[in-house]
Number of protein chains: 2
Amino acid sequence: MRKKVTLKQIAKELDVSISTVSKSLRDSHEISEDTRLKVQAFAKLYNYKPNNIALSLKNKKTKTIGIIIPEIVHHFFATVISGIEQVANENGYNVIVCLSDESFDKEVINLEMLANGSTDGFIMSLSKETQQKRDFHHIQEVINQGMPVVLFDRVTNDVFCDKVIIDDKQAAFDAVHFLIEQGFKKIALITTVDYVSVGKLRTDGYKKALKSNNISVDEELIIKIEDIENCAVKIENLIKEQNCDAIFAVNELFAVTAIKIAAKNNLKVPDDISVIGFTDGIISQFSTPSISTVSQNGIKMGRKAAQMLIDRLELEDEEDEHYKTEIIETNLIVRESTTTK
Amino acid sequence: MRKKVTLKQIAKELDVSISTVSKSLRDSHEISEDTRLKVQAFAKLYNYKPNNIALSLKNKKTKTIGIIIPEIVHHFFATVISGIEQVANENGYNVIVCLSDESFDKEVINLEMLANGSTDGFIMSLSKETQQKRDFHHIQEVINQGMPVVLFDRVTNDVFCDKVIIDDKQAAFDAVHFLIEQGFKKIALITTVDYVSVGKLRTDGYKKALKSNNISVDEELIIKIEDIENCAVKIENLIKEQNCDAIFAVNELFAVTAIKIAAKNNLKVPDDISVIGFTDGIISQFSTPSISTVSQNGIKMGRKAAQMLIDRLELEDEEDEHYKTEIIETNLIVRESTTTK
DNA sequence: TTTCAACACGAAAACGTTTTCGCGAGCTAT
DNA sequence: ATAGCTCGCGAAAACGTTTTCGTGTTGAAA
């Protein structure tokens, strides 16, 4: 087993000082060509690579970005990570991923764990529980310690930092407006409970679209799902009791479930009922019928978030407290689950 | 901005030595209760937390696991990460994720980057390109340096280390055997090119099942997909020209695509043709009809891999070269895409 | 011959820990 | 009174780097 070789060992072998070795490898002009070449040859032979940990300690920079997200088994989050990783890689950064599992405590623990020197900054999306408690002291804490944080998707106004979001309200508005344009009048909404920020915003967009088209909002047509487990019954009730002609769902799980339940009740999508989802994930693309949806462009979101974080890290000198909120454009992808009335 | 406080700063403030502070915080009996409590109170006040990087350097342990996978936007890999993260967390480890993007070069770069002190060991699944080139020197290299490596799913016999796999051949055998039991005779196979190890194994299982049931293997019924882009035409040809009564697909993308194309050609699944996929991902669960499939249990795979790696890390003393290959059991999930003939 | 610059290199500090060892003060026992 | 022991603490090394500064040797200029 050939353990990694250090500067000290090279120095000893070649009978020079550690400084000389270090300088040689960094092509310092202080070192004679003779020595320099000798050292470089030796280093190459033994495959010397500087130890990252030592460098991190010395430079007070880890070149590592911490990502904290609710869960990874979720296509949208996976795409965001993918985007972050691209930009991180292009800039010589690594990413370390922690999952909060939608738990406030885990979010805090992970954050504190990584804040002790492991990362230079964070990119995160809030857990449900955190959004519910509205407790963001842990995030404020790391910001106060001088670590940049970028929030994405599930953000909050209560903490000042860079953010990357989509215009959830506008996107929902567009989707519902599209349905109205196609001639639908009785449009139901399947959304989340209000404390999930994006759910709330999409609900707002839905209502706004109806109002601006002079359709009154019927609360009977709106169902709010708490947890995914028992959503089926609620949706079934909706479909059976209200004979709506279209459904807007705030995520693709709700959308595909609605489609399945419609089929079960002998309603064909899109002939009998049109459905639009949110998030252009695997489900929307591959289900039958494929689902018209609002594309969030997770890759772009991740890339943007990473770029903002790295910019702030490399700026570094004086930190301007001028935080930005970037809005990633969405677009409506029309597929088979919608038609014209 | 309250920067993180260090031992040195505490020592200075309290006018004691660094050693005294360190020992106090670690409840050393060498320190009088007076001093100990004083230091602890002060440390708590200033929210002292030891710097991970410094600890890593000192202990020569990072408590970090490197994960290198082909891509993260892939439900199976996401579940594996999820499983790894669970066990890592339970044991006080962090995970740092790198994506090879199916590229050999990126795999090498990532591996070398992380091998320079950033992680204690690796969990990885080979990129397609790596499997094609059959070049594993980079992996052997880090193993030689004394870093444990656990390979999962896409593994190779050419490198000696711990592995976690499913019995791909057996699982495929079971799936095809199930189809035969249901009365199907003309069973097609949609698989990958042979250098993808798991694709090859599943193909073998398919053939074995046919033979053991005295059905001859018809190469016309087997199509091998190189890249996902142009799989549709090949599958369409298959469905049109061979009137098979069932299809076994080696992943869920192939399966769902087959179903879509069947529908396009006025063949109903499962009435006209039965389909079994591989990988119990989002698609299989939510497509219509839902897809019968072989469940790989990614979470379990990830948990097992992490446990094996950590065991080896904590064993540490003498490394027994006795590498194990764990096999995660699979199970056939029967849903709507299959029926009886 | 003296002076001074250039050259080539080494010593040491610094990053933040933990841990071993040593040392002085105070006490007990002979 | 003195040896020896315990207690409480500090100095220093170690992990692997980079970088500043100092220093000795050499050669050339005055």
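Chain letters run A, B, ... following the sequence lines, proteins first, then strands; residues in each count from 1.
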Check your understanding: By a strict heavy-atom criterion of less than 4.0 Å, which residues belonging to residues 111-122 of chain A are in contact with DNA chain C?
Key -> none
Point to revise | side-chain N/O Lys8(B) vs dC15(C) OP1/OP2, d < 4.0 Å | key: yes
Exercise for review: Provide, to the nearest angstrom, the distance between the NE2 atom belonging to His29(B) and the C1' atom belonging to dC9(D).
Suggested key: 13 Å
Check your understanding: What pairs of residues pass the ring pair (Phe, Tyr, Trp, His ring centres under 6.0 Å) test when at least one of them lies in residues 76-119 of chain B, not counting sequence neighbours?
Key -> His74(B)-Phe77(B), Phe104(B)-His138(B)
Check your understanding: Would you say Lys60(B) reaches dG16(D)'s phosphate, i.e. side-chain N/O to OP1/OP2 under 4.0 Å?
Key -> yes
Check your understanding: Is there a residue in residues 10-27 of chain A whose heavy atoms reach under 4.0 Å of DNA chain C, and which residues are they?
Key -> Val16(A), Ser17(A), Ser19(A), Thr20(A), Lys23(A)
Practice item. Output every pair passing ring pair (Phe, Tyr, Trp, His ring centres under 6.0 Å) with a member in residues 15-59 of chain A, not counting sequence neighbours, ordered by first then second residue. Key: Phe42(A)-Tyr46(A)
Exercise for review: Give me the bend of the helix from dT1(C)-dA30(D) to dT30(C)-dA1(D), using the axes of the five pairs at each end, rounded to 10°.
Suggested key: 80°
Practice item. Could you state the atom-to-atom distance from CD of Gln9(B) to P of dT17(C) in whole Å? Key: 9 Å
Review point. With respect to the side chain of Ser32(B), which nucleotide from dC9(D), dT18(D), dT18(C) is positioned closest?
Key: dC9(D)
Point to revise | Most 5' of Glu30(B) and Ala54(B) on DNA chain C, judged by nearest nucleotide | key: Ala54(B)
Check your understanding: Under the side-chain hydrogen bond (donor to acceptor under 3.5 Å, both in side chains) rule, what pairs show up with a residue in residues 113-122 of chain B, not counting sequence neighbours?
Key -> Lys4(A)-Asn116(B), Asn52(A)-Ser118(B), Thr62(B)-Asp120(B)
